[in-house]
Amino acid sequence: METSITRAIAWAPLRSGQRRYALTLLLLPALVLGHLSLGAELSPAQLWSLLSVSSSNSFAAMEFELTVLPRMVMAVLVGAATGLSGSVLQQLTQNRLVSPMTLGASSGAWLGLICATLWFPLFAVRHGEWAALGGALASVGLVLMVAGRDGIAGLPVILAGMALNLLLGALAMAILLLNNQQTRGLFVWGAGDLGQIDWQWVAWLWPKLLVGLLLVALAPRALTLMQLGSAGAQARGMTLWPVIVALFLVSIWLTSVSITAVGLIGFIGLITPNMARLFGARTSRDELVYSALLGVMLLLVTDGLALLINRWVPQLIPSGATVALIGAPVLIWLSRRQLSAEDQRALALPSGAQRMTRRSWWLVLLAAAGVLMISLCLNRGADGWTLGWPSPLIWSLRWPRVLTAATAGCGLAVAGMLLQRLLRNPLASPDILGLTAGASLAVMLALMLFGSSLFWIVAPFAALVGSLVVLGGLLVLGRRHQYSPAIMVLVGISLAALSNTLVQLGLANGSGDALALLGWLSGSTYRVTAIQATWLSGGVVVLIGLSLLFQRALTLMSIGDSVAMSRGLDVPVMRVTLLLLVSLLCALVTSLLGPVAFLGLLAPHMAAMLGARCVRVQLLLSALLGAVLMLLSDWIGRTLIFPLQIPVGLVASVVCGSYFVYLLVRQRLA
Amino acid sequence: MKCIGVVRMAGLAILLCCLATNARAQPRIAALSWEMVEHLLKLGITPVAVADAPDYRSWVVHPALPPGVPNAGTRTEPNLELLAQLRPELILITPLLEDIRDKLERIAPVVSYDDFTQDQDNLLMQRENFLALAQRVGRTPQAHQQLAAMDDSIARMRERLIQHFGAQLPDTTVIRFASPTVVYINGPNSMPQHAMQLLGLQPAYDAPVSRWGNIQTSVTVLGNIDDGAVLYIEPFAQGERLFATQLWQAMPFVRSRRFAGMRSTWTHGGVFCVEYLAAAITDALLTLPPRH
């Protein structure tokens, strides 16, 4: 009796596991069949007749054999590889938010392939996977270095990955913008297309994924031991570093070859291990295998959806788009369930001076004046470089752009500084939290709904609605999770991925609208009119003035909610008010300029590093630094590839992003 | 001594006179869209600045843009400060730049000509644009002459096709490859289809109407073209990869050898791009065996 009970207890988890696998394996053929019948545009019965009369040499039969079947197999292979890769990474780092996407591997691989395609086209056609692998390894290496050993298990690695994704995305955008005619094919590929014309890619991919089987066979022991912590694992006689490095390499290899074969398909590696755990996968091997299975199912479903949409829409909808459409909401839902624990650790930046000396004030003011003079007086024209005050006509064309850039820089810097103080999170900024992504998402949706003719009228309203919706969502989610930075960053990641997908979708169609959209998305001041520039600067000045009124509240709240409350501050009301202020600033800037990354993050830090520690000084100094950075970016954008121009937002993102990553690395190496 | 001075003065006067007539003959016009560059060149006017000039030279090619013409920035964001320095007398735009019209008008008068749309006949629209531009610069007779020459030339191409294929010309579809799996099919109201119409060719694939005249779709869709010829616009770098596949070899038009490449030709140009397209289509079709 007793033994039977213990046996029952011992078997219970396995039984539930068996039931789970049995259900999954029952569902899988149904999904495969559904995918095939969607791909062949036939009902399952017709499909059966086509399969049974395999001798028929019709074009339909051949099409089925050479496009529909390999596409299905491709979905299975890529789904399994990304699921497995995500699971290995998550178990390795013991971090539920880690995936090839969040570690920056995907964007690194993409950038690597873009560069190879543009500069070494022959090499890219033959050995694209090595370019992808190189890019992925470089960016993951950078992320891991920035996060450091302690940061890998927590939020720091995700934040570093997010930052690198933003930076690499801006770089890729800049490259595409400068070479838009040659890179059209890359847009389709970048959006992740599973379409096949024969078995060649499948034949190319599957041997490279075999290493995954080895992973399932050998990795669980090491991964289980690692869950004991590094000390525990070493006590069991395991030398840790070679194993960790090998597992990392294998999982990034799986991602890189998948990306080379089908393009960017995000989210699956992030979601499936979480879902596997949710459905009850407990042991290491169980999670690996079940994540791979879920990856297969998820990709079959989302690709089936893409096929279904393609029946109704004449234009091609790539599979990567539908994956993101499903993946982003699922990710937010999962994180709501699983991320109650607060992780307040973040990345460390160099701390710098403790007080603002008179000398550093003079230096900053001198630099600001210098940049302003250069921006106004030193320019390239029809006859090369010219130094001198611009003519009235040129001045009338130039000042709205310069003013917009400068005040937008002020606005973003102050918004970032307010967010960092409010959320007590040194990495909070409009771009990391998804406010800018939300605004740009809304603008793109508006473009799709209303067409390009009304674009410049609709855009500001859409941007405001978008950033307000994101902020509202953040407030609701945030209250439930004590404003945990993790949830905010996740929302940012999901929204950024969604808006990225929509961009890819728009670009894949390659029309003229897409190019205009690309211009707006990269933060161009080109179309700003004098009236708009005046309104923007007026609005920014008023909002900054308002935020100066709240300096006492900000000082108290950046110490802690309890401190603020004990001093008689109505914390919830104050928080909502200030966040509203932030979203107004973001919407104002984004609607006119498009998304600008990193500036809101960097300017407050630079102010703090110069010694601006109290709220009022930090606020004013960040605003000044934000303006200087944007002026400089605007000038670079106007002169670097004259007569072509690089949008100021893109230059600012690349310049500030590189400096930010440099700061992180320097801090780590110090 | 005096004599030489007089001769010099006279020479200078003649030179100035020449410059003046030349200046009258050559109005300073900046073209911020490629259709207008085509139209200006066909009217014998060299623009003072062209948006995306290097891309025009490598993608549109005909009519050739003289090498000295400066680049005025991109077509979506032309460089305003450079334009201001070049002092044009007239700026030609499409509705794409309508929202910066007031900035451009500070530099010079602006004329906007219609762009490709879904609702109107794009060829007719470009023809009217061309005539309107000709009228504006006072070269209407030359414009009519050019249009008549184009009609003649296309009629001669049609005769060559009929000579080769007989009265029953093959149905034709013009495509461009984006990748080995994705293809753009030129449909109704696209310039290639207008060129086909002028040549008396029927479309081989029934594509839906769209703004730019082409749809992006999967390569397998081409398998639906049972009867008819398919021409692809070169270059297609990954051609070897696609053309070697079994699926491609099984396409009806490949099996019946009704597939050929046509030389690189711009598909969204002004009225004369139809002539270049018609020439490219004719030359490509003439490489196919005459059947029926």
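Chain letters run A, B, ... following the sequence lines, proteins first and then strands; every chain starts at 1. All values below come from the heavy atoms of this structure, side chains included, with hydrogens, waters and symmetry mates left out. Predicted model, so just to flag it, every value in this text is computed and none were measured.
- Within the model, atoms CZ of B/R241 and CG of A/D198 stand 4.5 Å from one another, a figure rounded to the nearest 0.5 Å.
- Both the backbone and the side chain of B/L242 have a heavy atom closer than 4.5 Å to some heavy atom of chain A.
- Looking at A/V528, only its backbone comes within 4.5 Å of chain B, counting heavy atoms on both sides.
- Contact record, B/L247 with A/E63: CD1-CA, 3.8 Å, taken as the closest heavy-atom pair.
- For the set B/A207, B/P78, B/G223, B/G73, the count of heavy-atom pairs under 4.5 angstrom toward chain A peaks at B/P78.
- Considering all non-hydrogen atoms of both residues, A/R527 and B/K103 come closest at C-NZ, 4.2 Å.
- Residue B/P70: no heavy atom, backbone or side chain, is found under 4.5 Å from chain A.
- In this structure, chain A has heavy atoms under 4.5 Å from both the backbone and the side chain of B/L80.
- Summarising the geometry of B/Q246 relative to A/L66, their closest heavy-atom pair is CB-CD1, 3.5 Å, with the distance given to 0.1 Å.
- Residues of residues 389-397 of chain A having a heavy atom under 4.5 Å from any heavy atom of chain B, listed by number: A/L393, A/I394, A/S396, A/L397.
- Formation of a donor-acceptor pair under 3.5 Å by the A/Y526 side chain with backbone atoms of B/N79 is not found in this model.
- Inspection of the A/Q196 and B/T181 side chains reveals no N or O donor paired with an N or O acceptor under 3.5 Å.
- In terms of heavy-atom pairs under 4.5 Å with chain A, the best-connected choice from B/A250, B/A72, B/A51, B/P95 is B/A250.
- In this structure, A/L644 and B/T74 have side chains that are in contact, with non-hydrogen atoms separated by less than 4.5 Å.
- When all heavy atoms are compared, the tightest approach of B/L82 to A/G381 is CD1-C, 4.3 Å.
- Side-chain contact check for B/E81 versus A/R380: every heavy-atom pair is 4.5 Å or farther apart.
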